[in-house]
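Worth knowing before you read on, the calculation uses all heavy atoms, side chains too, and leaves out hydrogens, waters and symmetry mates.
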Amino acid sequence: MGAGGRMSDSSEHEVKDILKRVPVDPPFSLSDLKKAIPAHCFERSVIRSSYYVFHDLIVTYVFYFLANTYIPLLPTPLAYLAWPVYWFCQASILTGLWVIGHECGHHAFSEYQWIDDTVGFILHSALFTPYFSWKYSHRNHHANTNSLDNDEVYIPKRKSKVTYYSKILNNPPGRVFTLVFRLTLGFPLYLLTNISGKKYGRFANHFDPLSPIFTERERIQVVLSDIGILALIYAVKLLVAAKGAAWVACMYGVPVLGVHMFFVLITYLHHTHLSLPHYDSTEWNWIRGALSTIDRDFGFLNRVFHDVTHTHVLHHLISYIPHYHAKEARDAIKPVLGEFYKIDRTLIF
């Protein structure tokens, strides 16, 4: 009984500690953090980065080969069990490729911008993400993190703006519906309608080159992103004609949906933790915003996702460090960050 009580007290203390608000004004600067990181962590190797691309592509092909070859041979009950296993595994490794594409957008893949953009464009287009469009809106997110007025995503509603349906859904069944809706449709709706993003003076989305999200010099690259998505849609159309809609959905469609679900899950948990403040324009500054995020522990998926899950605090402070140096860089700045560094190891489920 006594031991159980102590464990309960300890667990309760950990919960209270992780929900404690982060401090506001740090005693260190961005320069102090950079000085604490070993110099080699800033080195971007095109050879090493490419290794991870090829590694993930090979694993992707292995999963495809196994599913395409052996699942159709299984008895129906076993096939119904095997498909979700394939979808989870394939979506996980494809999310790793999506993360590398995201890294390209931060110029963390190599020393050459054109290589980064070429690799990122191919990877993200293949996963139904408009590379340049998302790169630029994501840049705005990094420049305005947790600003109530200017952040690009996960902006919480002010209490006075909470809608009636939010109150209706504030119960267990409503939360399940909201969670399913967010995970499955959240990313497509964000790209199409800028849902949960910054409120512009007019309709904004990631496919319109004239969208207020983008500057004049970025508009031509938004068109390139659209061409990449249109090329993919055409390729999928040809594949459906050759293999059938069910085959394409099972082998490609569901895993890509899984990538989008993982992406929303990861970023949602990074940016909506109860310990993280948001600031209006009278209080926000860049360092406050950059420190208002949290690392999460996805278990064995940390490695599959190239450690993006538990190096997010570092990423918002210095976004061009490649993923294979991120853990070392994170550990180097943790003593400097002190109580400004937060990680929540609560089980993701």
_For a quick test of reading the model, state the closest non-hydrogen atom pair linking Thr184 to Leu257 and the distance between them._
O-CD1, 3.7 Å
_Can you confirm if the aromatic rings of Tyr52 and His323 lie within a centre distance of less than 6.0 Å?_
yes
*Could you list all the salt bridge (charged side-chain N to carboxylate O under 4.0 Å, His left out) pairs where at least one residue sits in residues 209-231, not counting sequence neighbours?*
Arg139-Glu218, Glu216-Arg219
*May I ask you to check whether over 12 heavy atoms, not counting those of Ile47, lie within 6.0 Å of atom CD1?*
no
*asked:* Are more than 12 heavy atoms, taken from residues, nucleotides or ligands other than Tyr200, located less than 6.0 Å from that residue's OH atom?
replied: yes
*Among the clusters formed by ILVMFWY side chains lying less than 4.5 Å apart, do Val304 and Leu347 turn up in the same one?*
no
*Pro255 and Gln90: which non-hydrogen atoms are nearest, and at how many Å?*
CB-CG, 3.8 Å
*ILVMFWY network linking Val85 to Met251, side-chain heavy atoms under 4.5 angstrom*: no
*Taking atom types as modelled, find out whether Ser166 and Thr163 have a side-chain donor-acceptor pair closer than 3.5 angstrom.*
yes
*Taking the six-membered ring for Trp, is the centroid-to-centroid distance between His206 and Tyr190 below 6.0 Å?*
yes
*Can you tell me how far CD1 of Ile287 sits from CG of Asn285, rounded to the nearest 0.5 angstrom?*
7.5 Å
*Before giving the answer on side chain to side chain contact (heavy atoms under 4.5 Å, CB included), spell out for Tyr131 and Asp117 the whole-Å C-alpha distance, their side-chain angles and the decisive distance to 0.1 Å.*
CA-CA 8 Å; Tyr131 171 72; Asp117 284 341; 2.8 Å; yes
*Give a yes or no on this: more than 12 heavy atoms of other residues, nucleotides or ligands lie within 6.0 Å of atom CZ of Phe65.*
no
_Distance, nearest 0.5 Å, that separates OG1 of Thr215 from CD of Gln221_ = 9.0 Å
_Pair Tyr154 + Tyr268: ring centers closer than 6.0 Å_ = yes
*Does Phe305 have any ring pair (Phe, Tyr, Trp, His ring centres under 6.0 Å) partners at least two apart in sequence or in another chain, and if so, which?*
Phe262
*Parallel under 30°, tilted from 30 to 60°, perpendicular over 60°: which one fits the rings of His270 and His312?*
parallel
*Kindly state whether the ring of Phe28 and the ring of Phe340 have centres lying under 6.0 angstrom apart.*
yes
*Distance from Phe207 atom CZ to Ser225 atom OG, nearest 0.5 Å?*
9.0 Å
*What's the shortest heavy-atom distance between Leu314 and Ala326, and which atoms?*
CD2-O, 3.3 Å
*side-chain hydrogen bond (donor to acceptor under 3.5 Å, both in side chains) partners of His315, counting only residues at least two apart*: His102, His106, His142
*asked:* Looking at every heavy atom in both Ala36 and Ala332, which two are closest together, and how far apart are they?
replied: O-CB, 3.4 Å
*Given side chain to side chain contact (heavy atoms under 4.5 Å, CB included), test Phe109 with Val53 step by step and report yes or no.*
CA-CA 10 Å; Phe109 186 84; Val53 174; 3.7 Å; yes
*Short N-O contact, Arg296 and Asp344, less than 4.0 angstrom*: yes
*Cluster question for you: counting only ILVMFWY and a side-chain heavy-atom cut-off of under 4.5 Å, with indirect links fine, are Val254 and Ile233 together?*
yes
*Which atom pair, heavy atoms only, marks the closest approach of Trp98 to His124?*
O-NE2, 3.0 Å
*Distance-only donor-acceptor check, side chains Asn68 and Trp247, under 3.5 Å*: yes
*So, Glu111 and Arg44, do they make that salt bridge, N to O below 4.0 Å?*
yes
*With a 4.0 Å cut-off, would you call Asp149 and Arg158 a salt bridge?*
yes
*Would Arg175 and Asn170 count as having a side-chain donor-acceptor pair, cut-off 3.5 Å?*
yes
*Go through Leu232 and Ser125 one step at a time and tell me if the side chain to side chain contact (heavy atoms under 4.5 Å, CB included) criterion holds.*
CA-CA 7 Å; Leu232 178 67; Ser125 296; 5.6 Å; no
*So with a 6.0 Å cut-off around NZ of Lys327, is the heavy-atom count from everything else above 12?*
no
*When hydrophobic residues are tied together by side-chain contacts of less than 4.5 Å, even through go-betweens, does Leu57 share a cluster with Val59?*
yes
*In terms of side-chain geometry, is the basic nitrogen of Lys342 or Asp295 positioned less than 4.0 Å from the acidic oxygen of its partner?*
no
*Step through the shown structure and confirm whether more than 12 heavy atoms of other residues, nucleotides or ligands are within 6.0 Å of CZ on Arg48.*
yes
*Are Ile321 and Tyr51 in one and the same hydrophobic cluster, where Ile, Leu, Val, Met, Phe, Trp and Tyr link if side-chain heavy atoms are under 4.5 Å apart?*
no
*Could you give the distance from CG (Asn150) to CG (Asn144), rounded to the nearest 0.5 Å?*
5.0 Å
*Would you say Arg303 has more than 12 foreign heavy atoms packed within less than 6.0 Å of its CZ?*
no
*Does any donor atom in the side chain of Thr193 or Asn205 lie under 3.5 Å from an acceptor atom in the other side chain?*
no
*Taking it one step at a time, do Glu152 and Asn194 satisfy side chain to side chain contact (heavy atoms under 4.5 Å, CB included)?*
CA-CA 8 Å; Glu152 282 291 338; Asn194 204 40; 4.1 Å; yes
*Would you kindly say whether Ser49 and Tyr324 are connected by a side-chain donor-acceptor distance under 3.5 Å?*
yes
_Checking Ser29 against Asp32: is there a side-chain donor and acceptor pair closer than 3.5 Å?_
yes
*Give a yes or no on whether the ring-centroid distance for His260 and Phe128 is below 6.0 angstrom.*
no
*asked:* Between His316 and His141 (judged by ring centroids, cut-off 6.0 Å), do the two rings come close enough to count as a pair?
replied: yes
*Aromatic ring pairing Phe263/Trp134, orientation class (parallel under 30°, perpendicular over 60°, tilted between)*: perpendicular
